[in-house]
There are 2 protein chains.
Amino acid sequence: MPSVAAIEVLAEPNRRRILDLLRGGERPVGELVAQMTLTQPAVSKHLRVLKDAGLVDVRAQAQRRLYRIRPEPLAELDAWLAPYRSLWSKRLDDLERHLAQKEP
Amino acid sequence: MPSVAAIEVLAEPNRRRILDLLRGGERPVGELVAQMTLTQPAVSKHLRVLKDAGLVDVRAQAQRRLYRIRPEPLAELDAWLAPYRSLWSKRLDDLERHLAQKEP
DNA sequence: TGGCTATATACATATCTAGAGATATTCACC
DNA sequence: GGTGAATATCTCTAGATATGTATATAGCCA
């Protein structure tokens with residue numbers, strides 16, 4: 001069970017890219033490959049890492065493998081971030097107040 | 001200008017640890033070193049990386065350097081995470097509903 | 001069965017990075 | 001000015017990792 005392992009896996013930009021592509025829903029490997037400047041083995045390897053971290057799930061459909069997001073580890077990452085939120089929320093409040101003032 | 005560089009910097013567990021320690025407020029390097037199982041140069045190096053990513057700020061006080069959190073990059077990371085939130089919020093709603101049902 | 005498609009794995013390599021130890025820098029204080 | 005304390009930087013090294021090429025595996029269809 002990886003605690004905040006998601007952040008280590010998602011440090012890799014191509015893996016973030018893959019996840020972004022999967023936000024549109026289930027996708028076969030080939031389609032992911034087509035939208036990235038990486039070879040198929042490289043993409044498969046990233047998918048393996050994502051799967052091991054529980055960030056994606058696979059489903060076989062004939063020779064195809066359909067990948068989709070598993071959001072749980074992202075929720076954990078979000079939880080890790082939570083205690084820090086108060087550090088910037090005040091400034092954001094200030095910003096909102098400032099913007100609201102510009103067009104009353 | 002690092003877009004989501006924070007996530008790459010925070011992939012390192014010791015750097016997350018440092019940030020956690022700084023949640024308690026400004027700290028000199030020596031104090032951070034004392035609470036970690038790392039040599040002073042190693043901690044200084046991590047602090048350098050954190051500073052380059054804009055995740056911390058330094059302030060000199062005599063020979064001491066007081067480090068503190070700069071929350072902006074964390075806010076960016078939070079923003080990156082935002083589009084994914086809908087993926088798990090439904091399940092969390094379900095969980096909450098389930099829990100609420102157990103003690104009416 | 002044979003050939004084609006889709007994906008995964010093996011292997012080799014080049015790059016990156018965290019870490020330790022040693023040294024340099026900066027400041028306070030005598 | 002000299003000494004000691006606090007921190008930064010330099011150098012080197014061991015380990016990790018992302019990638020490409022080549023190969024294996026598995027399923028469909030004729």
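Below, chain A is the first sequence line, B the second, and so on; all start at residue 1. A quick note: this is a predicted structure, and the numbers were derived from the prediction, not measured.
If you check distances only, the side chain of B:Gln40 does reach the base of D:dA8 with a donor-acceptor pair under 3.5 Å. Residue side chain B:Lys45 does not reach the base of D:dT9 through any donor-acceptor N/O pair under 3.5 Å, judged by distance alone. With hydrogens and angles ignored, no donor-acceptor pair under 3.5 angstrom links the side chain of A:Glu12 to the base of D:dA18.
At whole-Å resolution of the value, NZ in B:Lys51 and P in D:dA8 are 8 Å apart. Summarising the geometry, the separation between CG on B:Asp52 and P on D:dT9 is reported as 9 Å, rounded to the nearest angstrom. What separates CD of B:Gln63 from C1' of D:dA6 is a distance of 6 Å, to the nearest Å. Atom CE in A:Met36 sits about 12 Å away from atom C1' in D:dT19, given to the nearest Å. Residue A:Ile18 contributes atom CD1, which lies 13 Å from atom C1' of D:dT19 at whole-angstrom precision. Put simply, CZ on A:Arg15 is 8 Å from P on D:dT19, counting in whole angstrom units. Protein atom CG of B:Leu47 is 13 Å distant from nucleotide atom P of C:dA18, rounded to whole Å. As a whole-Å value, the separation of B:Leu66 CG from D:dA8 P is 11 Å.
A sub-4.0 Å separation between OP1 or OP2 of C:dA8 and a side-chain N or O of A:Arg65 is absent. Within the 4.0 Å cut-off from OP1 or OP2 of D:dA8, at least one side-chain nitrogen or oxygen of B:Tyr67 is found. The phosphate of C:dG19 (OP1 or OP2) has a side-chain N or O of B:His46 nearer than 4.0 angstrom. Listed pair B:Arg64 / D:dA5 fails the phosphate criterion, with no side-chain N or O lying under 4.0 Å from OP1 or OP2. Taking side-chain N and O atoms only, B:Thr39 has no distance below 4.0 Å to OP1 or OP2 of C:dG19.
Residue B:Pro28 is in sugar-phosphate contact alone, with no base atom involved, counting any heavy-atom pair closer than 4.0 Å across all strands shown.
Toward the 5' end of DNA chain D, the nearer of the two residues B:Gly30 and A:Leu38, judged by each one's closest nucleotide, is B:Gly30.
Side-chain contact check for A:Arg59 versus A:Gln61: some heavy-atom pair is nearer than 4.5 Å.
Checking each of B:Leu38, B:Leu10, B:Leu55, B:Leu47 against B:Ile18 for a side-chain contact (heavy atoms from CB on, under 4.5 Å) leaves exactly one that passes, namely B:Leu47.
Residues A:Arg70 and A:Pro73 come closest through the heavy atom pair O-CD, 3.3 Å. For the pair B:Pro83 and B:Ala79, the tightest heavy-atom approach, listed with the atom from each and the gap, is CD-O, 3.3 Å.
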